[in-house]
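Worksheet: one structure, shown below.
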Amino acid sequence: MVSTAAKPYRAAGRFAWHFAKGKLGGDPAFVELLRRGLIPPNSRILDLGCGQGLLAAWLAAADILCSVGNWPREFPPAPKVTSYRGIELMPRDVERAGVILGNRVVVEQGDIRTADFQSADVVVILDVLHYMPFSAQDDVLNRVRRALGPNGTLLLRIGDSAGGWRFHVSNYVDTIVTAVRGHTPGRLHCRPLAQWKRTLEKLGFAVTSVPMSQGTPFANVLLVGKIGNGAAVHV
Ligand SMILES: C[S@@+](CC[C@H](N)C(=O)[O-])C[C@H]1O[C@@H](n2cnc3c(N)ncnc32)[C@H](O)[C@@H]1O
């Protein structure tokens, strides 16, 4: 699955390809989204801070492999995606994402602090909000809540600042990877898990938290926020 999803990035250069293989193979979030069925079928996905659009490539590969029967029996079927819209600040990443664009896949250069989110069924924010001050994080989450339709889902991965030494390792590696990807590392704005949950609950989300660092030394947690019937998901 990793090699299928990473393959299109060969056309975007060695860095984009190797980065895709490393991230998709080493970050548990991508497999877990599928294994736990966290993306409902036929969703309009909005991926904020999408980088080079790895999630779109991953879901496209999942769809192909599932439809030819090359799919783990214990996983729910790969979700068919109605559309994927990524918004990414860095032009270099948007350029790398050029190789995965299609009818239903767009990646726009923009700043999620000001971009129009329009409407979506699933909003994905993986490892992004800590780059901006708390007031901007709150504003983004408010606008996400308004963009989500009935039964909408927010998939927000954060680093838990109460996570002890693992949290410090996360931040250290984050700073290195940020530099390797050609960005300028800046101050990080992190919160403890309990505070993240309260923030989302105040916005009306029923929140479930799932540890999302398996196989890594990090303190990452995926927050699954559901609106609609108010029921937290079973994960
Ligand atoms: C750690 S990377 C994660 C990329 C992607 N979500 C993934 O999991 O593969 C964080 C991304 O957020 C982007 N980002 C940070 N601040 C942003 C902003 N204000 N608007 C849009 N993108 C932003 C960065 O440029 C970077 O590509």
Side-chain angles (χ1 to χ4, degrees), residues 1-25 27 29-68 70-71 75-112 114-129 140 143-144 147-149 151-157 181-183 222 224:
M1 174 105 165
V2 170
S3 55
T4 306
K7 198 170 168 194
Y9 291 102
R10 291 180 89 138
R14 286 178 64 82
F15 178 88
W17 181 45
H18 286 292
F19 185 79
K21 284 191 294 183
K23 185 89 199 289
L24 293 171
D27 184 337
F30 293 96
V31 167
E32 290 301 312
L33 289 176
L34 298 176
R35 193 172 72 80
R36 294 169 186 267
L38 293 175
I39 298 187
N42 306 315
S43 296
R44 295 164 301 151
I45 298 178
L46 174 63
D47 188 0
L48 300 179
C50 65
Q52 61 184 46
L54 293 177
L55 179 61
W58 183 249
L59 293 174
D63 188 29
I64 292 168
L65 295 180
C66 190
S67 61
V68 298
N70 185 2
W71 191 247
F75 283 28
K80 293 234 178 257
V81 169
T82 298
S83 62
Y84 170 97
R85 177 180 173 222
I87 304 179
E88 167 55 43
L89 188 62
M90 303 303 292
R92 202 179 307 185
D93 280 312
V94 176
E95 198 182 311
R96 288 173 184 142
V99 296
I100 50 122
L101 302 184
N103 273 347
R104 292 175 300 146
V105 177
V106 294
V107 175
E108 299 164 11
Q109 195 277 327
D111 187 333
I112 64 169
T114 51
D116 179 357
F117 294 162
Q118 300 166 18
S119 64
D121 304 306
V122 178
V123 174
V124 181
I125 313 178
L126 299 179
D127 313 333
V128 179
L129 290 186
V140 166
R143 290 187 295 117
V144 164
L148 279 170
N151 304 314
T153 302
L154 168 64
L155 299 169
L156 169 67
R157 188 164 69 174
R181 293 174 70 218
H183 307 175
L222 183 71
V224 183

Item to check | Note: Arg35-Glu32 ion pair, threshold 4.0 Å (strictly below) | outcome: yes
Item to check | Nearest-0.5 Å distance that lies between atom CG in Asp47 and atom CG in Leu55 | outcome: 5.0 Å
Next on the checklist: For a quick test of reading the model, state the closest non-hydrogen atom pair linking Gly49 to Val128 and the distance between them.
Outcome noted: O-CG2, 3.6 Å
Checklist entry - Quick one: are Leu126 and Cys50 in side-chain contact, heavy atoms under 4.5 Å? => result no
Checklist entry - So do Val124 and Thr153 actually touch side chain to side chain, heavy atoms under 4.5 Å? => result no
Checklist entry - Does NZ in Lys21 sit with more than 12 non-hydrogen atoms of other residues, nucleotides or ligands closer than 6.0 Å? => result yes
Item to check | Test side-chain contact (heavy atoms from CB on, under 4.5 Å) applied to Leu222 and Arg36, step by step | outcome: CA-CA 12 Å; Leu222 183 71; Arg36 294 169 186 267; over 6 Å; no
Checklist entry - Can you check whether Ala57's main-chain N or O pairs, donor with acceptor, with Tyr9's side chain at less than 3.5 Å? => result no
Item to check | Nearest-0.5 Å distance that lies between atom CG in Leu155 and atom CG in Leu33 | outcome: 6.0 Å
Item to check | pair Leu129-Val140: side-chain heavy atoms closer than 4.5 Å | outcome: yes
Next on the checklist: Rounded at 0.5 Å granularity, tell me how far CZ in Phe117 sits from CG in Leu46.
Outcome noted: 6.5 Å
Next on the checklist: A side-chain contact here means heavy atoms from C-beta on lying under 4.5 Å apart; do Val2 and Phe30 qualify?
Outcome noted: no
Checklist entry - In Å, rounded to the nearest 0.5 Å, how long is the span from CD1 of Ile125 to CG of Leu48? => result 5.0 Å
Checklist entry - For the residue pair Arg143 and Ala115, what are the closest heavy atoms and their distance? => result NH1-O, 2.8 Å
Checklist entry - Looking at CD of Gln109 and CE of Met90, how far apart are the two atoms once the value is rounded to the nearest 0.5 Å? => result 9.0 Å
Checklist entry - Is any side-chain heavy atom of Met1 closer than 4.5 Å to a side-chain heavy atom of Leu34? => result yes
Item to check | Shortest non-hydrogen contact between Ala78 and Asp63, atoms and distance | outcome: CB-N, 4.0 Å
Item to check | Derivation and outcome, side-chain contact (heavy atoms from CB on, under 4.5 Å), residues Tyr84 and Val122 | outcome: CA-CA 10 Å; Tyr84 170 97; Val122 178; over 6 Å; no
Checklist outcome for this item: Shortest non-hydrogen pair, Ala5 vs Pro8, comes out as O-CD, 3.2 Å
Checklist outcome for this item: In terms of heavy-atom contacts, Glu88 and Gly51 come closest through OE1-N, 2.8 Å
Checklist entry - Taking C-beta and beyond as the side chain, do Lys80 and Asn42 meet within less than 4.5 Å on heavy atoms? => result yes
Next on the checklist: Using every non-hydrogen atom in the two residues, find where Trp17 and Ala6 come nearest and quote the distance to one decimal.
Outcome noted: CD1-O, 3.3 Å
Next on the checklist: Please check this pair: side chain of Trp71 against backbone of Ile64, looking for a donor-acceptor N/O pair closer than 3.5 Å.
Outcome noted: no
Checklist entry - How about Thr82 and Asp121: do any of their side-chain heavy atoms sit closer than 4.5 Å? => result no
Checklist outcome for this item: d(Leu54 CG, Ile100 CD1) to nearest 0.5 Å is 8.0 Å
Checklist entry - Taking the side chain as C-beta and beyond, is there a heavy-atom pair between Arg85 and Ile87 under 4.5 Å? => result yes
